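One structure is given below, encoded as structure tokens.
We use all heavy atoms of the structure for the numbers below, so side chains are in, but hydrogens, waters and symmetry mates are not. Counting convention: from 1, in listed order, for ligands and their atoms alike. Given the structure is predicted, the values throughout are model-derived calculations rather than measurements.
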Amino acid sequence: MTQQPGSAEGPASADEDGAAPDQVRAELAGWVGQHWDPDMALRAWRELLLESGWAAPSWPRRWHGRGLPAWSDEVVASELVRLGAVGIPVGSGTWLAAPTILAHGSDDVRDRLLRPILTGEQTWCQLFSEPGAGSDLAGLSTSAVLDGDTWIINGQKVWNTSAHHADMGMLLARTDRDVPKHQGITYFALPMKQPGVEVRQLRQMNFHASFNEVFLTDARIPRDNVIGEVGQGWTAALTTLAYERRFSALQRPRYSPAPGRALDEARAEADDHFATYSWYPQRAGRPDLVIEHARSAGVTGDPVIRQAIARLLTLHRVSSWTAERARVARALGARPGAEGSIGKLAASNLARESARVHAMIAGAQGLLTGPDSALGGVIAEVLMSVPGQSIAGGTDEIQKNILAEKVLGLPGEVRVDRDIPFSQIKHRG
Ligand SMILES: Cc1cc2nc3c(=O)[nH]c(=O)nc-3n(C[C@H](O)[C@H](O)[C@H](O)COP(=O)(O)OP(=O)(O)OC[C@H]3O[C@@H](n4cnc5c(N)ncnc54)[C@H](O)[C@@H]3O)c2cc1C
């Protein structure tokens, strides 16, 4: 059975006649008033959230939800923080793995894997890309062979964000080489802490080290840790990729600064998680800083720079409308669609344009790091980080292909290796 987010096994009271956000907020506030205690352990608080269905309100009751409309997830997450409490963790587990498991996993997989994601007990990373398979993800060659009750995995993954501290991996591996490349892939939940999994951190040109190479040598996965059907992993992978293109999924919750064990643990969890992503704002180009930067450099009277700033801020405003359109579509229950690709392209253009304007303002100074450099080294980090924006989650060219083929209905790219068995694709041997 495939159960989509938003469908209910049994409606909660707030949903009976089609709940309104204010009703949901009021019911949540009443429940929080009765149950929230900042001195309890974070895990214990999250168990209560799961039991009550406030953990994932748009999900079915059986999987920690209340069957409320899709908008309720966002409303409840922000309301919990506004009330001084804490919601479910932020990260690849809740952002990517959980919706994929909910959409494609068997009931057994949902029962076992969703709970520890929502309590924060297990963090996840995405093990998709390989040295020979990035844009051409379906060309991946990591293999999975069933041996009794265990899948044995061999191969190499790369660019895996947060793999160095993840408990579980969303792994794509090939289980059948004798069918066309999209058909022989299976989506697994891989336990990361085991001898067959070696994670090596990579150092980036902006000096951060947020992603890794992952070497899999006879790594083991229990037979039932398959998400979707064996050989049907591509469909589930498309779900993960669509969620990955959603906007603003990585926003840090603004937890109350008040004392209390649950709040301390939530703040520490967020610090730990967001350490990996500390350069992501710079990756987006920091258009929010251009005016401050121009003022501090004393160039606000320069007509060329003024024009460039006006053009950039216009682009920023227009992209935020696209992001808002995507947010509203999601809130109304639409699954991630073409607006994800449009938004991702807009974000790349904005980041590049922003880096160009910062470079115009800073001149050669922009390359310096340290406290005396442009905005304390932030501009140098912008210039070194922006290229990642148009690569992560599918490159600009791939987004353009998706839009051309899936939205505009233009003729498809020539793909000579699409319909022949994977084993017959020449360069893959
Ligand atoms: C910050 C960051 C975080 C990442 N995190 C993860 C992660 O957690 N897990 C994970 O699995 N991966 C991750 N990635 C990897 C990312 O998904 C890949 O880098 C991306 O899909 C591109 O693949 P590639 O690097 O192999 O480039 P290639 O696919 O080799 O592309 C090289 C160039 O060729 C172009 N190109 C390729 N095919 C076509 C085509 N058909 N038409 C037109 N142009 C084409 C591309 O646009 C690109 O310019 C991350 C990458 C970044 C930058």
Protein heavy atom under 4.0 angstrom of [atom], is there one?
atom: atom 8 (O) of ligand 1; value: yes
atom: atom 33 (C) of ligand 1; value: no
atom: atom 4 (C) of ligand 1; value: yes

_From the candidates Lys400, Gln126, Glu397, the one that places a heavy atom nearest atom 44 (N) of ligand 1_ =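 It is Glu397 whose heavy atom sits nearest to atom 44 (N) of ligand 1.
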_Quick check: Tyr280 and ligand 1, any N/O pair under 3.5 Å apart?_
no
*Please indicate whether any nitrogen or oxygen in Asp136 is less than 3.5 Å from any nitrogen or oxygen in ligand 1.*
no
*Could you tell me whether Arg43 atom CZ has more than 12 heavy atoms of other residues or ligands within 6.0 Å of it?*
yes
What residue and atom, counting heavy atoms only, is the protein's closest point to [atom], and at what distance?
atom: atom 18 (C) of ligand 1; result: Ser129 OG, 3.9 Å
atom: atom 39 (C) of ligand 1; result: Ile398 CD1, 3.9 Å
atom: atom 51 (C) of ligand 1; result: Ala392 CA, 3.8 Å
atom: atom 25 (O) of ligand 1; result: Trp159 NE1, 3.8 Å
atom: atom 26 (O) of ligand 1; result: Gly134 CA, 3.3 Å
atom: atom 29 (O) of ligand 1; result: Ser135 OG, 2.6 Å
atom: atom 20 (C) of ligand 1; result: Ile391 O, 3.6 Å
atom: atom 2 (C) of ligand 1; result: Phe211 CE2, 3.2 Å

Is it the side chain, the backbone, both or neither of [X] that has a heavy atom closer than 4.0 Å to ligand 1?
X: Asn401; result: side chain
X: Glu413; result: side chain
X: Thr395; result: side chain

Which atoms of ligand 1 are found less than 4.0 Å from any heavy atom of [X]?
X: Asn160; answer: 7 (C), 8 (O), 9 (N), 10 (C), 11 (O)
X: Phe128; answer: 11 (O)
X: Trp279; answer: 1 (C)

Run the salt-bridge test on [X] and [Y] with the 4.0 Å N-O cut-off and return the result as yes or no.
X: Glu265; Y: Arg261; answer: yes
X: Glu397; Y: Lys400; answer: no
X: Arg327; Y: Glu324; answer: yes
X: Arg66; Y: Asp73; answer: no

*Give, for atom CG of Asn401 and atom CZ of Arg415, the distance between the pair rounded to the nearest 0.5 Å.*
6.5 Å
*Spatial distance of atom CH2 (Trp59) from atom CZ (Arg110) [nearest 0.5 Å]*: 10.0 Å
*Under a heavy-atom criterion of less than 4.0 Å, does Tyr277 contact ligand 1?*
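Under 4.0 Å: no for Tyr277.
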_Whether Arg283 lies under 4.0 Å from ligand 1, heavy atom_ =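 Heavy atoms of Arg283 do come under 4.0 Å of ligand 1.
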Exercise: do [X] and [Y] side chains pair donor with acceptor under 3.5 Å:
X: Gln204; Y: Ser210; result: yes
X: Glu130; Y: Thr142; result: yes
X: Asn225; Y: Arg112; result: yes
X: Asp111; Y: Trp63; result: yes

*Looking at residues at least two apart in the chain, or sitting in another chain, which of them share a salt bridge (charged side-chain N to carboxylate O under 4.0 Å, His left out) with Asp264?*
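Checked Asp264 against salt bridge (charged side-chain N to carboxylate O under 4.0 Å, His left out); matches are Arg267.
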_For Glu353, give me all partners under salt bridge (charged side-chain N to carboxylate O under 4.0 Å, His left out), at least two apart in sequence or on another chain._
Arg311, Arg356
